[in-house]
Protein chains: 2
Amino acid sequence: MTERSALTYKDAGVDIDAKMQAIERIKGRAGATFGGHAGPIGHFGGTWRLPAGPDRIMVASADGVGTKLRLAFVLGGDAHARVGADIVNHCVNDILALGASPLFFLDYFAAGALDPDVLALVVGGIADACQDAGMALLGGETAEMPDMYRPGEYDLAGFIVGEVAPDRTVDGSSVRPGDVVIGLPSDGLHTNGYSLARRIAGLTGDPGHDRAILAQPLPGGDESIGVALMRGHRSYLRDVQPLLAKGIVRGMAHITGGGLRDNLPRCLPETCIAKIVQGSWSIPPVFEWLVTEGDVPVEEQYRVFNMGIGFTLIVRPIDAESVTTALPEARVIGAITPRVTSDEAAVQGLSC
Amino acid sequence: MTERSALTYKDAGVDIDAKMQAIERIKGRAGATFGGHAGPIGHFGGTWRLPAGPDRIMVASADGVGTKLRLAFVLGGDAHARVGADIVNHCVNDILALGASPLFFLDYFAAGALDPDVLALVVGGIADACQDAGMALLGGETAEMPDMYRPGEYDLAGFIVGEVAPDRTVDGSSVRPGDVVIGLPSDGLHTNGYSLARRIAGLTGDPGHDRAILAQPLPGGDESIGVALMRGHRSYLRDVQPLLAKGIVRGMAHITGGGLRDNLPRCLPETCIAKIVQGSWSIPPVFEWLVTEGDVPVEEQYRVFNMGIGFTLIVRPIDAESVTTALPEARVIGAITPRVTSDEAAVQGLSC
């Protein structure tokens with residue numbers, strides 16, 4: 001506590017004026033996502049008018065992008081918009097797995113010092129994905145936190161709220177032995193497994209070094225490692241909503257952190273297990289490369305990566321064909337069988 | 001991409017099992033906050049049953065704790081629970097400023113490597129504060145992000161959803177010249193201004209060095225600098241709800257980042273300005289010390305720090321006494337006057 005000259009917030013690394021200007025820029029993007037339900041921007045909370053109606057189930061979820069962000073730091077440009085859209089789609093799929101339609105979204109963006117251009121790219125990606133999902137970007141927090149993040153780095157989280165009618169909630173409780181598991185393809189790693197993928201690829205965080213690696217062709221693929229790793233988190237909203245309207249879906253899982261092994265059980269009753277048939281879908285080159293290059297044990301593969309399946313549906317056998325007809329990319333990847341002993345693994349067929 | 005032995009997620013710094021165990025520990029704390037509205041824990045989203053009813057306004061907000069976290073890193077123990085409660089109370093006050101009652105909360109906790117004990121302390125603080133506010137801790141995201149955060153450090157954000165009847169929304173549109181501004185005392189810095197406060201106090205992030213500074217007595221106060229800086233973010237829910245029930249509140253502001261200068265205008269119509277009377281409340285010693293020690297310009301003081309006022313209410317003059325009677329700590333701190341020119345500052349009286 002030595003003598004010093006007058007100190008302002010800006011001296012301490014927080015530039016409120018720059019933040020206000022950056023927020024003015026993103027307000028327009030957020031505003032474009034508003035339907036008739038949302039109130040004005042700029043108050044202490046975002047408001048959403050919910051019309052009178054019967055009992056409804058609100059479904060909420062929070063999630064982050066994880067260390068896919070570190071690729072965006074190195075690649076810059078569109079990669080910032082990409083992770084913005086990723087966090088939205090991740091959240092959309094999470095509540096979709098319960099049968100819910102998205103209503104509104106809020107983001108949390110934190111950096112050591114705000115770069116208005118990066119913020120605009122990220123929020124642009126968020127706003128576009130919100131619009132695609134038909135939901136409002138209702139607000140968010142833009143935090144400038146000196147000494148917390150390195151220059152050029154940031155963290156990004158998303159919060160979503162949706163709704164579903166009580167008799168339309170899908171929680172897996174109606175899943176029965178004999179039902180089939182249908183897998184919908186992922187577009188890549190989505191937002192999971194990046195700490196292992198970065199390690200396997202030999203990424204260090206040094207921009208020059210990492211860009212050189214990311215520019216290399218993906219073995220077995222027809223694109224670069226960077227393009228393959230930056231592919232977006234696919235939203236399953238448009239594919240799945242028509243099936244929900246038909247009432248034929250008994251259980252759904254969003255295949256994120258934990259992979260098929262940990263996520264599929266979340267929509268299974270205690271009395272059931274899922275038997276997955278390896279080879280019933282084609283594993284994209286990026287996963288083949290990662291697990292070979294990293295010599296990743298098989299059990300680990302299906303827990304860290306989605307391995308080409310981003311979302312699963314459980315339906316009666318009689319309904320399977322209507323799903324695979326409506327969604328030509330969908331594959332029957334397994335079946336539900338009765339659980340015989342209580343210590344039996346809930347997902348089987350994924351280890352050698 | 002040199003040869004190496006088999007790689008697992010754990011090798012890459014992500015321990016899914018440890019995370020699952022930590023989450024099992026915090027599930028109980030979250031469960032304790034559930035009323036009859038919330039569904040089971042562990043699915044892809046938290047569910048909340050909203051009973052049938054007329055039009056309602058959902059109010060949502062996202063926020064972070066900011067670099068008050070850096071004090072918690074150094075102090076440890078209860079300070080982790082403290083910042084957990086802080087983010088909840090911050091969010092509660094944000095939606096309260098629109099007249100909304102809290103329904104549910106989700107958190108985002110991100111660290112380089114998960115420390116289950118620290119996570120349990122933070123989530124414990126969150127759960128206790130949620131329970132105090134009568135809302136459910138419906139879910140959250142616990143992110144393990146190697147290479148993003150330094151050992152022992154984490155970021156923390158919160159997301160709240162509440163509701164208010166359309167005819168009970170308070171947005172400041174009924175504020176009129178002649179109304180009075182009432183200030184409710186803060187308990188300290190709450191969660192704003194810490195980057196400047198840390199700079200003024202000479203904190204570096206080195207635990208030994210910082211703990212020695214934080215243990216020093218606060219000049220003009222009867223506690224240590226550390227105790228003063230770690231005081232919690234006060235929730236104004238219980239104080240303000242009875243006034244909302246009476247329908248006497250015309251405008252409210254939660255005094256957070258931006259201080260009285262930037263937050264008070266958020267509940268003022270374009271036609272009004274607020275004239276604040278400096279000296280109408282006593283400024284706590286921690287602020288006197290910070291602005292003196294840092295030689296912080298007066299205008300900056302009221303934009304970075306709350307300076308002892310954590311929440312403001314605008315009421316008709318006839319209702320002021322009932323507020324100050326119900327809340328003995330409340331002070332009339334200013335009045336609303338007509339805006340004469342369009343370039344006039346919305347808040348006056350805070351600069352010399």
Side-chain angles (χ1 to χ4, degrees), chain A residues 1 6-9 12-14 16 43-52 54-64 66-67 70 94-95 97-98 104 106 108 110 138-141 143 145-148 155 157 159 161 195-196 199-200 202 205 254 258 266 293-297 300 304, chain B residues 1 6-9 12-14 16 43-52 54-64 66-67 70 94-95 97-98 106 108 110 138-141 143 145-148 155 157 159 161 171 195-196 199-200 202 205 254 258 266 293-297 300 304:
Chain A
M1 288 178 280
L7 274 179
T8 67
Y9 218 19
V14 179
I16 299 184
H43 221 298
F44 293 95
T47 59
W48 181 266
R49 193 175 188 111
L50 204 62
D55 276 24
R56 10 154 98 85
I57 307 287
M58 313 296 294
V59 184
S61 186
D63 231 296
T67 63
R70 302 199 67 75
D94 270 348
I95 66 165
L98 285 155
F104 56 82
L106 294 93
Y108 174 74
L138 208 56
E141 166 67 1
M145 298 168 74
D147 310 319
M148 277 289 288
D155 200 0
F159 305 100
V161 173
S195 289
L196 183 53
R199 176 91 184 261
I200 292 170
H254 182 203
R266 297 165 84 179
E293 181 72 19
D295 194 13
V296 181
E300 188 83 359
V304 178
Chain B
M1 288 177 279
L7 272 179
T8 66
Y9 218 18
V14 180
I16 300 185
H43 221 297
F44 292 95
T47 59
W48 179 267
R49 193 176 188 110
L50 204 62
D55 277 23
R56 9 155 98 84
I57 308 287
M58 312 296 294
V59 185
S61 187
D63 232 296
T67 62
R70 301 200 68 76
D94 270 347
I95 66 164
L98 285 155
L106 293 94
Y108 174 74
L138 209 55
E141 166 68 0
M145 300 170 74
D147 311 319
M148 277 289 289
D155 200 0
F159 167 67
V161 173
D171 61 5
S195 289
L196 184 54
R199 176 92 184 261
I200 292 170
H254 182 202
R266 296 165 84 180
E293 182 71 20
D295 195 13
V296 181
E300 188 84 359
V304 179

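To find a chain, count down the sequence lines: A is the first, B the second, and so on, and within it residues start at 1. The basis for the numbers below is simple: all heavy atoms, side chains too, and nothing from hydrogens, waters or symmetry mates.
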Please report the interatomic distance [atom1]([X]) to [atom2]([Y]), rounded to the nearest 0.5 Å.
{"X": "R56(A)", "Y": "R49(B)", "atom1": "CZ", "atom2": "CZ", "answer": "12.0 Å"}
{"X": "Y108(B)", "Y": "F159(B)", "atom1": "OH", "atom2": "CZ", "answer": "15.0 Å"}
{"X": "D295(B)", "Y": "L7(A)", "atom1": "CG", "atom2": "CG", "answer": "8.0 Å"}
{"X": "H254(B)", "Y": "D63(B)", "atom1": "NE2", "atom2": "CG", "answer": "8.5 Å"}
{"X": "M148(A)", "Y": "M148(B)", "atom1": "CE", "atom2": "CE", "answer": "9.5 Å"}

Fill in: chain B contact via A60(A) - side chain, backbone, both or neither, heavy atoms under 4.5 Å
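Contact with chain B: backbone and side chain both.
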
Worksheet item: Which bit of R70(A) is near chain B, if near means a heavy-atom gap under 4.5 Å: side chain, backbone, both or neither?
Response: side chain

Fill in: Interface moiety of A97(B) toward chain A, non-hydrogen atoms closer than 4.5 Å
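Answer is both: backbone and side chain atoms of A97(B) are under 4.5 Å from chain A.
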
Item to complete: Identify which part of L98(B) has an atom lying under 4.5 Å from any heavy atom of chain A, answering side chain, backbone, both or neither.
Response: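 Just the side chain, heavy atoms under 4.5 Å.
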
Worksheet item: Judged by atom type as modelled, is there a donor-acceptor pair below 3.5 Å linking the side chain of E300(B) to the main-chain atoms of Y9(A)?
Response: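 Answer holds: yes.
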
Count the heavy-atom pairs under 4.5 Å between each of [options] and chain B, then report the option with the highest count.
{"options": "G46(A), P51(A), A12(A)", "result": "G46(A)"}
{"options": "V161(A), I95(A), D94(A)", "result": "D94(A)"}
{"options": "G258(A), P297(A), G13(A), P146(A)", "result": "P146(A)"}
{"options": "I57(A), V304(A), T47(A), D155(A)", "result": "D155(A)"}

Between [options], which has the largest tally of heavy atom pairs under 4.5 Å with chain A?
{"options": "L106(B), D147(B), T67(B), V59(B)", "value": "D147(B)"}
{"options": "T8(B), V296(B), V14(B)", "value": "T8(B)"}
{"options": "G139(B), G66(B), A143(B)", "value": "G66(B)"}

